[in-house]
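Notes follow once the structure below has been shown.
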Amino acid sequence: MVVGLESYARAAGISRRAAQIRARKGQVKARRIGGVWVVEASELAVARVQGRISPGRPVSPEAFERLAAYLDGEHDDMSPEHRRQASVLAARLRVDDNVPALRRIARARLGEAQPYVAAERNLSALRNEVAHGEAGEVLLAGISDSEQGLTNPLLLELYLHRDHAQRMVSRHRLSPADGPAWNVMLRGVDRIPPRRSLRVAADLLDGGDARSVAEASRIARELAEAVS
């Protein structure tokens, strides 16, 4: 099975041209069909793990939060320097090929993603628990963020307190996902972060599939363009 070069580029977080160069140099399993480059589907999983990020100074969690607030239009109380820093980062998200920059920025947010697989009945019970507040304070994330119109009833992503996360895994018999197939993504944190549009985009990158990466890129670009 093969996929288009563009799908590979999105998964790897690189431009189409960079993906074409990899194909020509034999750095990925690719071939031409009718003059068009295609890549073996098995390369997508590798690309998602080894996705390139832009070089540069690492972004701190505090800088991520300031940028997220800046993109949501909440920057009146920022110092001139913090506003300048946020503006610089925002400019990197304004370009067409913004995935490498978004990956680097996304790594600074709190809450490491842990993917799981839940049986259908356990996923339903988990959803009900979250909906009725029985899971404690949570923040719906990524594909589960209803404000972006991305909600998928077959997937659940959320931030929750670390101690609640462990109990939830045990109570609903969640199994660690092996590979890209998952239906529950938990991010255990010490404090629930505020809902931010940039956080939604960053969370979508963890999904790994080309569609989520493309949606993350679109959201980040539109946010950055709105404050340009």
For R191, the side-chain contact (heavy atoms from CB on, under 4.5 Å) test, sequence neighbours excluded, returns none
Run the salt bridge (Lys or Arg N to Asp or Glu O under 4.0 Å) test against E134 and tell me which residues pass, sequence neighbours left out. none
So do the side chains of P193 and L139 get within less than 4.5 Å of each other, counting heavy atoms only? yes
Looking at Y159 and V189, what are the two nearest heavy atoms and their distance? CD2-CG1, 3.9 Å
Looking at side-chain heavy atoms only, is the closest gap between V130 and L140 below 4.5 Å? yes
Interatomic spacing from CG in N183 to CG in L154 - rounded to 0.5 Å: 8.5 Å
For residues 75-134, which residue pairs pass the ring-ring contact (aromatic ring centres under 6.0 Å, His included) check, not counting sequence neighbours? Y70-H75
Gap separating the CZ atom of R218 from the CG atom of L223, nearest 0.5 angstrom: 9.0 Å
Using only atom types and a distance under 3.5 Å, with no angle test, would you say the side chain of R22 pairs donor to acceptor with the backbone of V28? no
When you look at CD of E222, are more than 12 heavy atoms from neighbouring residues, nucleotides or ligands closer to it than 6.0 Å? yes
Measuring from atom CE of M168 to atom CG of L174, what distance do you get when rounded to the nearest 0.5 angstrom? 8.0 Å
Heavy-atom count check: over 12 atoms from other residues, nucleotides or ligands less than 6.0 Å from E120 CD? no
Which pair of heavy atoms, one from M185 and one from A113, lies closest together, and at what distance? SD-CB, 3.7 Å
What is the minimum heavy-atom distance between N98 and A220, and which atoms define it? ND2-CB, 4.0 Å
Hey, is CZ on R167 packed in by over 12 heavy atoms from elsewhere, all under 6.0 Å? yes
For R173, look at atom CZ and say whether over 12 heavy atoms of other residues, nucleotides or ligands are found less than 6.0 Å away. no
Side chain proximity check, E112 to R187, heavy atoms < 4.5 angstrom: no
Smallest heavy-atom separation, A90 atom then L71 atom, equals CB-CD2, 3.9 Å
Check whether L160 and W182 end up in the same hydrophobic cluster, where Ile, Leu, Val, Met, Phe, Trp and Tyr are linked by side-chain heavy atoms less than 4.5 Å apart. no
Taking R127 for the side chain and L155 for the main chain, is one N or O donor matched with an acceptor at less than 3.5 Å? yes
Side chain proximity check, I192 to V138, heavy atoms < 4.5 angstrom: no
Taking the side chain as everything from C-beta on, heavy atoms only, tell me whether R199 gets closer than 4.5 Å to P194. yes
Side-chain H-bond candidate by donor/acceptor type, R221 with S217, under 3.5 Å: yes
Any residue meeting side-chain hydrogen bond (donor to acceptor under 3.5 Å, both in side chains) with R31, in chain and number order, not counting sequence neighbours: E40
Under the side-chain contact (heavy atoms from CB on, under 4.5 Å) test, which residues partner A119, sequence neighbours left out? R121, N122
For R171, check side-chain hydrogen bond (donor to acceptor under 3.5 Å, both in side chains) against everything at least two apart and list the hits. E129
Within the structure provided, determine whether L204 and D145 are in side-chain contact (heavy-atom separation under 4.5 Å). no
Nearest heavy-atom contact between M78 and A69 is CE-CB, 4.0 Å
Least distance between heavy atoms, A106 atom then L205 atom: CB-CD1, 4.2 Å
CG (L198) and CZ (R109) are apart, to the nearest 0.5 Å, by 9.0 Å
